[in-house]
Amino acid sequence: MPNREDVALQMIKELSGVKRQYDDTPKTTEETNLLGMENTGTVDTFLTDPNKDIAPLTETLARVLPKALQPPVIAGLLGIIVACSPKLRGLFVDTVTRSNKAPLEWLFDGIYSIGNAAVPINMCILGINLSLASSSKNKTGNNQVSARTIAAIVISKMIVMPAIGILTVLILKNFVLNVPSPID
């Protein structure tokens with residue numbers, strides 16, 4: 001028959017999804033045992049030592065954040081912050097009279113022009129990648145990407161995604177949001 005500690009440890013592991021093992025070496029008697037068991041260094045350490053669970057979280061964040069915070073993501077987050085604060089937005093765009101008198105309007109105009117070129121550049125990159133994928137061969141001598149897959153990618157990128165975007169904007173404009181006139 002399993003003792004109380006084994007049952008409690010198993011329940012905690014199942015409830016929290018913890019898969020790692022804890023050492024069975026005895027701990028000091030000052031540690032508090034929340035389940036009223038002998039202090040054996042397994043369940044009681046898991047329950048009373050908050051640093052045991054923080055270390056894996058910080059390690060995971062240290063691995064994930066550099067991958068998640070790429071330059072386009074950082075730029076998007078900064079753009080949202082600037083757009084949400086009227087004083088910062090007023091530095092880049094004259095929000096009152098729209099007479100191009102904002103201090104950093106020249107920077108906004110340059111970024112806006114680059115943003116207008118993003119879709120054509122992305123389409124060129126997609127075409128180049130599809131061309132390379134269709135001409136490359138795998139070990140058996142066949143194309144790595146079939147013509148059917150390439151056609152599906154082109155149709156989804158050129159027809160389906162723009163249709164979804166246009167429908168979304170129309171629905172939001174007519175039924176949900178009060179969209180102001182363009183900035184241009």
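Along the sequence shown, the residues carry numbers beginning at 1. No hydrogens, no waters, no symmetry mates; every other heavy atom, side chains included, goes into these values.
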So, taking the atom named [atom1] in [X] and the one named [atom2] in [Y], what distance separates them when rounded to the nearest 0.5 Å?
X: T60; Y: L65; atom1: OG1; atom2: CG; value: 10.5 Å
X: K173; Y: T168; atom1: NZ; atom2: OG1; value: 14.5 Å
X: I159; Y: I164; atom1: CD1; atom2: CD1; value: 12.0 Å
X: I166; Y: I171; atom1: CD1; atom2: CD1; value: 12.0 Å

Same apolar cluster (I L V M F W Y, side chains within < 4.5 Å links), [X]/[Y]:
X: L132; Y: L130; value: no
X: M158; Y: V145; value: yes
X: V154; Y: M161; value: no
X: Y112; Y: L107; value: yes
X: F108; Y: L88; value: yes

Kindly indicate whether the side chain of [X], heavy atoms from C-beta on, has any atom under 4.5 Å from the side chain of [Y].
X: L91; Y: P103; answer: yes
X: L104; Y: V93; answer: no
X: D109; Y: E105; answer: yes

field: Derivation and outcome, side chain to side chain contact (heavy atoms under 4.5 Å, CB included), residues S134 and I150
entry: CA-CA 8 Å; S134 68; I150 291 174; 3.3 Å; yes

- request: May I ask you to list the residues sharing a hydrophobic cluster with I80, side-chain cutoff 4.5 Å, ordered by chain and number?
  value: none

- request: Not counting sequence neighbours, list each pair that qualifies as a side-chain hydrogen bond (donor to acceptor under 3.5 Å, both in side chains) and has a residue in residues 148-164.
  value: S146-T149

- prompt: Do R89 side-chain atoms and V82 backbone N/O form a donor-acceptor pair below 3.5 Å?
  reply: no

- prompt: Is there a donor-acceptor pair under 3.5 Å between the side chain of S131 and the backbone N or O of G127?
  reply: no

